[in-house]
Amino acid sequence: MARTVLVIGGAGRTGRHVVDLLTANGDRVRVMSRRPSRIGRQGVELITGDIADPSAVARAVDGVDAVVVSVEPPTDPAGSETVMHLGVREVAERAASRGAQVVLLSQIYITRPEKMPGLQEMVRARGRGEQALRNSGAPYTIVRPSWLTNEPAGRSAIRLEQGDTGDGQISRADVARACVEALRNPQALGRTFEMYNEPGPAPTDWAALFGALKPDQ
Ligand SMILES: NC(=O)c1ccc[n+]([C@@H]2O[C@H](COP(=O)([O-])OP(=O)(O)OC[C@H]3O[C@@H](n4cnc5c(N)ncnc54)[C@H](OP(=O)(O)O)[C@@H]3O)[C@@H](O)[C@H]2O)c1
């Protein structure tokens with residue numbers, strides 16, 4: 001059944017892939033961007049706004065069935081707290097109040113911020129945003145991409161991991177596919193996982209990939 005999906009950061013490099021997959025699937029897509037003139041796509045509803053602005057978030061989430069958050073954080077501690085913790089929390093709580101699903105793009109190294117010198121506070125704010133989503137009551141999936149590449153989708157296998165111990169690369173197009181599959185597969189709900197490309201054939205059975213993951217505690 002077609003759904004209305006808000007993509008916050010839908011003008012970005014991963015977000016655009018998410019928008020393409022959703023529209024190809026027949027979903028109604030709403031993009032939130034601070035500068036929506038960047039998008040210029042037919043059939044996509046545009047909302048100008050910042051995730052750090054609660055009134056913009058309220059407008060953006062109103063009427064949607066699901067939200068994908070693909071937002072690049074500011075690197076300064078105050079900005080990352082405002083965007084990646086408080087902004088994500090606002091989205092999560094708004095979504096929870098209407099039973100909308102949230103797929104949050106996070107990153108690897110959330111549980112080992114000391115390994116990212118100079119960006120530790122940004123990573124910690126991201127971790128607080130993850131936890132706010134888990135606590136919100138919204139049905140959710142947290143995707144932690146490893147280092148992003150611009151390889152096309154489906155060029156290689158995908159490994160999903162949990163526990164945040166690895167390092168590697170994943171293509172933006174594959175991450176977008178995972179976000180959209182997470183909206184379709186209930187096996188992804190309540191899960192947090194890291195994503196890596198590795199040699200081998202592209203996955204075809206996302207339900208099985210998600211089904212092998214443990215639910216969050
Ligand atoms: N680069 C990596 O290797 C890497 C690794 C792991 C995870 N990630 C994460 O993966 C996600 C996708 O990365 P990407 O490189 O594809 O992203 P990107 O191209 O940099 O796009 C990010 C989007 O964030 C939006 N954004 C930034 N601040 C915002 C705010 N305050 N309110 C609303 N939107 C805001 C921007 O939208 P507008 O400018 O249109 O407002 C932009 O479209 C990001 O969360 C990124 O941090 C990246």
Side-chain angles (χ1 to χ4, degrees), residues 6-21 29-41 44-61 67-92 94 102-113 115-116 118-119 121-130 133 141-153 158 160-161 164 166-180 182 192-197:
L6 168 67
V7 186
I8 305 180
R13 289 164 290 181
T14 305
R16 282 170 182 258
H17 288 295
V18 173
V19 170
D20 287 345
L21 291 167
V29 180
R30 179 183 294 174
V31 165
M32 184 191 198
S33 164
R34 294 162 302 171
R35 299 164 288 165
S37 56
R38 287 177 67 197
I39 308 165
R41 302 219 186 165
V44 174
E45 183 189 354
L46 307 176
I47 295 225
T48 306
D50 190 312
I51 193 174
D53 173 359
S55 65
V57 169
R59 274 188 293 121
V61 175
V67 185
V68 177
V69 182
S70 179
V71 169
E72 180 65 21
T75 51
D76 66 292
S80 52
E81 169 68 9
T82 306
V83 169
M84 298 316 291
H85 176 205
L86 303 179
V88 168
R89 187 179 72 186
E90 185 69 24
V91 170
R94 289 270 168 196
V102 179
V103 177
L104 172 65
L105 282 193
S106 183
Q107 62 167 89
I108 58 172
Y109 285 94
I110 290 293
T111 62
R112 36 192 175 140
K115 299 273 173 38
M116 293 194 71
L119 293 173
E121 292 312 314
M122 180 275 282
V123 176
R124 289 195 176 99
R126 236 181 168 153
R128 290 190 288 275
E130 285 192 357
L133 175 56
T141 303
I142 297 171
V143 181
R144 291 172 170 169
S146 48
W147 301 105
L148 294 171
T149 74
N150 291 323
E151 286 296 305
I158 291 172
L160 305 186
E161 285 186 5
D164 192 22
D167 201 349
Q169 295 189 327
I170 183 76
S171 85
R172 287 182 168 87
D174 282 332
V175 171
R177 168 67 68 185
C179 292
V180 173
T192 299
F193 58 86
E194 297 87 49
M195 282 190 78
Y196 303 93
N197 283 128

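Every number for a ligand or one of its atoms is a count from 1 in the order of the listing. Along the sequence shown, residues are numbered consecutively beginning with 1.
- Residue Arg34 holds the heavy atom nearest to atom 41 (O) of ligand 1 of all those in Gln169, Arg34, Arg172.
- Checking side-chain atoms of Thr48 against main-chain N and O of Arg34 turns up no donor-acceptor pair under 3.5 Å.
- You'll find the side chain of Val69 stays beyond 4.5 Å of the side chain of Leu105, heavy atoms only.
- When heavy-atom distances to ligand 1 are checked against a 4.0 Å cut-off, Ala52 has no atom that comes that close, whether in backbone or side chain.
- Note on residues 46-56: no pairs pass salt bridge (Lys or Arg N to Asp or Glu O under 4.0 Å), not counting sequence neighbours.
- Here the options are Met122, Glu130, Arg144, the test is side chain to side chain contact (heavy atoms under 4.5 Å, CB included), and the partner is Gln107; only Met122 passes.
- The option with the heavy atom closest to atom 45 (O) of ligand 1, from among Leu105, Thr82, Val71, Val31, is Val71.
- Taking a cut-off of under 4.0 Å to the non-hydrogen atoms of Ser70, the atoms of ligand 1 that pass are 11 (C), 12 (C), 22 (C), 23 (C), 24 (O).
- For Gly10, the closest heavy-atom approach to ligand 1 does not fall below 4.0 Å.
- Among all heavy-atom pairs drawn from Val18 and Cys179, the shortest one is CG2-CB, 4.4 Å.
- Of the polar atoms of Gly49, none of the N or O atoms is found under 3.5 Å from an N or O of ligand 1, judged by distance alone.
- Evaluated by nearest non-hydrogen atom to atom 22 (C) of ligand 1, the leading choice among Met195, Glu72, Arg35 is Glu72.
- By the criterion of a heavy-atom distance under 4.0 Å, the backbone of Ser146, and not its side chain, is placed next to ligand 1.
- Counting atoms of ligand 1 from 1 in the listed order, those under 4.0 Å from a heavy atom of Thr14 are 12 (C), 13 (O), 14 (P), 16 (O).
- The distance from ligand 1 to the heavy atoms of Pro73 drops below 4.0 Å at these ligand atoms: 47 (O).
- Ligand 1 has Arg126 within reach: a non-hydrogen atom of the residue lies less than 4.0 Å from it.
- Geometrically, ligand 1 and Trp147 share no nitrogen or oxygen pair separated by less than 3.5 Å.
- Under the 4.0 angstrom criterion for non-hydrogen atoms, Ser106 is in contact with ligand 1.
- Ligand 1 places these atoms under 4.0 Å from at least one heavy atom of Ala11: 40 (O), 43 (O).
- The backbone N or O of Ala11 lies less than 3.5 Å from a partner atom in the side chain of Arg16, making a donor-acceptor pair.
- The backbone N or O of Ile108 lies less than 3.5 Å from no partner atom in the side chain of Asp164, so there is not a single donor-acceptor pair.
- Looking at residues two or more places apart in sequence or on another chain, you find a salt bridge (Lys or Arg N to Asp or Glu O under 4.0 Å) between Arg128 and Glu81.
- Looking only at side-chain heavy atoms (C-beta outward), Tyr196 and Ile158 stay at 4.5 Å or farther from each other.
- Comparing Val69, Leu148, Asn150, Thr149 against atom 4 (C) of ligand 1, the shortest heavy-atom distance belongs to Leu148.
- Put simply, no part of Gly15 is less than 4.0 Å from ligand 1, judged by heavy atoms.
- For the atom pair Asp76 CG and Thr82 OG1, the distance stands at 8.0 Å (nearest 0.5 Å).
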